[in-house]
2 protein chains.
Amino acid sequence: MAQRVTNQRRAIEHVFETCARPLSTQEILEQAAAAVPGIGIATVYRAVRELQDERRIAAVPIAGEAPRYERARHAHHHHFYCQKCTKVFSIDECPGDLSRLLPPGFRLMDHEITLRGECAECAAAT
Amino acid sequence: MAQRVTNQRRAIEHVFETCARPLSTQEILEQAAAAVPGIGIATVYRAVRELQDERRIAAVPIAGEAPRYERARHAHHHHFYCQKCTKVFSIDECPGDLSRLLPPGFRLMDHEITLRGECAECAAAT
DNA sequence: ATAGATGCAAAGAGTTTGCATAGGT
DNA sequence: ACCTATGCAAACTCTTTGCATCTAT
């Protein structure tokens, strides 16, 4: 039978609909728990995997950090990692073609840029 | 007393001196084990941490992958991840200043670029 | 009523740590 | 002889999985 609409799943989907930036599984758990107290981390992992399979959310891999997840977007974009608060933000632009950096013989299929520094909030607090 | 020169440490340092690309802890273990059979993974982790503290090697964080380690270099550079063989290669160049991508108020301190695709060897095998 | 979804706890994978002992100084 | 570095195994963290139970359909 088809997928069921549960409170947990609804809460997790709602988190992605309203969040402004990519979230970690812990952040998803905490925000979903506001609507469904007692929700388990396994449910978050399961829902995240299914939403990824359905291409409704995308993993945002941050080197040295647990992946964050955000609503799937059509446009290619990158991310900013705040070294103070560890939050991740989306960056809409892309510097463009990087194939000129490649050694001969290498085939470029994708690229990923992570900017690091302080987000506006943390920079203002300095 | 000062740090001791053991066969294990010598072997691990030798791996970095001769390797052409950033290595994972498993790769380090395997290559060091050629010189010191029975060397334990804990020894590799401990040596890697100490070499990092001494700034003799640097971690190469690859999003979604275990970090690789390479000899510390002075020049800023980036990395290429081969999606076929999972090996990581160094890329000497950098596209330059990316601060124009930043949202207002954000403070840029570093950036990291991972190119993905096929290395020369894997591309040739296609 | 049925079968997919959930929560818990156990199991894995990767990394770190405690401890007795080997071995560099 | 001293005391650091090692190897093993246990501990930890993060993620996945098994299973009894719950619940949407």
Side-chain angles (χ1 to χ4, degrees), chain A residues 1-16 22-54 56-70 81 86-88 114, chain B residues 1-17 22-54 56-70 81 85-88 114:
Chain A
M1 205 176 281
Q3 200 174 66
R4 292 179 183 179
V5 180
T6 61
N7 289 333
Q8 289 85 342
R9 182 174 298 268
R10 223 185 338 254
I12 292 168
E13 292 184 14
H14 181 70
V15 167
F16 285 109
L23 302 176
S24 66
T25 50
Q26 273 309 314
E27 288 173 318
I28 297 164
L29 178 71
E30 285 158 21
Q31 294 194 22
V36 185
I39 186 172
I41 188 68
T43 300
V44 171
Y45 278 106
R46 280 186 278 236
V48 161
R49 177 140 35 104
E50 286 159 23
L51 287 167
Q52 271 189 282
D53 290 346
E54 297 166 7
R56 294 178 55 195
I57 66 172
V60 177
I62 301 290
E65 285 282 317
R68 313 303 161 99
Y69 300 91
E70 68 182 347
Y81 174 77
T86 77
K87 284 181 188 146
V88 173
T114 306
Chain B
M1 206 176 280
Q3 200 174 64
R4 291 179 184 180
V5 181
T6 61
N7 289 334
Q8 289 86 340
R9 182 173 299 267
R10 221 181 344 251
I12 292 168
E13 292 183 14
H14 180 71
V15 167
F16 285 109
E17 279 156 21
L23 302 176
S24 66
T25 50
Q26 273 309 315
E27 288 173 319
I28 297 164
L29 178 70
E30 286 157 21
Q31 293 194 22
V36 186
I39 185 171
I41 188 68
T43 300
V44 171
Y45 278 105
R46 280 187 278 237
V48 162
R49 177 137 36 103
E50 285 159 23
L51 288 168
Q52 270 189 281
D53 291 346
E54 296 165 7
R56 295 178 53 196
I57 67 173
V60 177
I62 300 290
E65 285 282 314
R68 314 301 162 100
Y69 300 91
E70 67 182 349
Y81 173 77
C85 66
T86 78
K87 285 182 188 145
V88 173
T114 306

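Each chain gets a letter, A, B and so on, in the order the sequences are listed, and its residues count up from 1.
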Derivation and outcome, side-chain contact (heavy atoms from CB on, under 4.5 Å), residues B/Leu23 and B/Tyr69: CA-CA 5 Å; B/Leu23 302 176; B/Tyr69 300 91; 5.9 Å; no

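- Closest contact between the side chain of B/Arg4 and the listed nucleotides C/dG24, C/dA9, C/dT16 involves C/dG24.
- Considering only side-chain N and O atoms, A/Gln26 lies nowhere under 4.0 angstrom from the phosphate OP1 or OP2 of D/dC14.
- Contact annotation: A/Arg46 side-chain N/O to C/dC8 OP1/OP2 distance is not under 4.0 Å.
- Considering every non-hydrogen atom in both B/Ala32 and B/Ile12, the closest pair reads CB-CG1, 4.1 Å.
- Rounded to whole Å, the distance from CD on B/Glu50 to P on D/dA5 is 6 Å.
- Residue A/Ile39 is in sugar-phosphate contact alone, with no base atom involved, counting any heavy-atom pair closer than 4.0 Å across all strands shown.
- For the pair B/Arg49 CZ and D/dA5 P, the computed distance is 13 Å after rounding to whole Å.
- Across D/dA24, C/dA9, C/dT17, the shortest atom-to-atom separation from the side chain of A/Asn7 is found for D/dA24.
- Put simply, B/Arg10 has no side-chain N or O that comes within less than 4.0 Å of OP1 or OP2 on D/dA5.
- Contact annotation: B/Gln3 does not reach the phosphate of C/dG24 (side-chain N/O to OP1 or OP2, under 4.0 Å).
- The shortest distance between the side-chain N/O atoms of A/Thr6 and the OP1/OP2 oxygens of C/dT6 is below 4.0 Å.
- If you take CD on B/Glu13 and CD1 on B/Ile57, they are separated by 9.5 Å, rounding to the nearest 0.5 Å.
- Backbone-only engagement by B/Ala66 is indicated by non-hydrogen atom pairs under 4.0 Å involving sugar-phosphate atoms exclusively.
- Applying the 4.0 Å criterion to OP1 and OP2 of D/dA5, one finds that B/Thr43 has every side-chain N and O outside that range.
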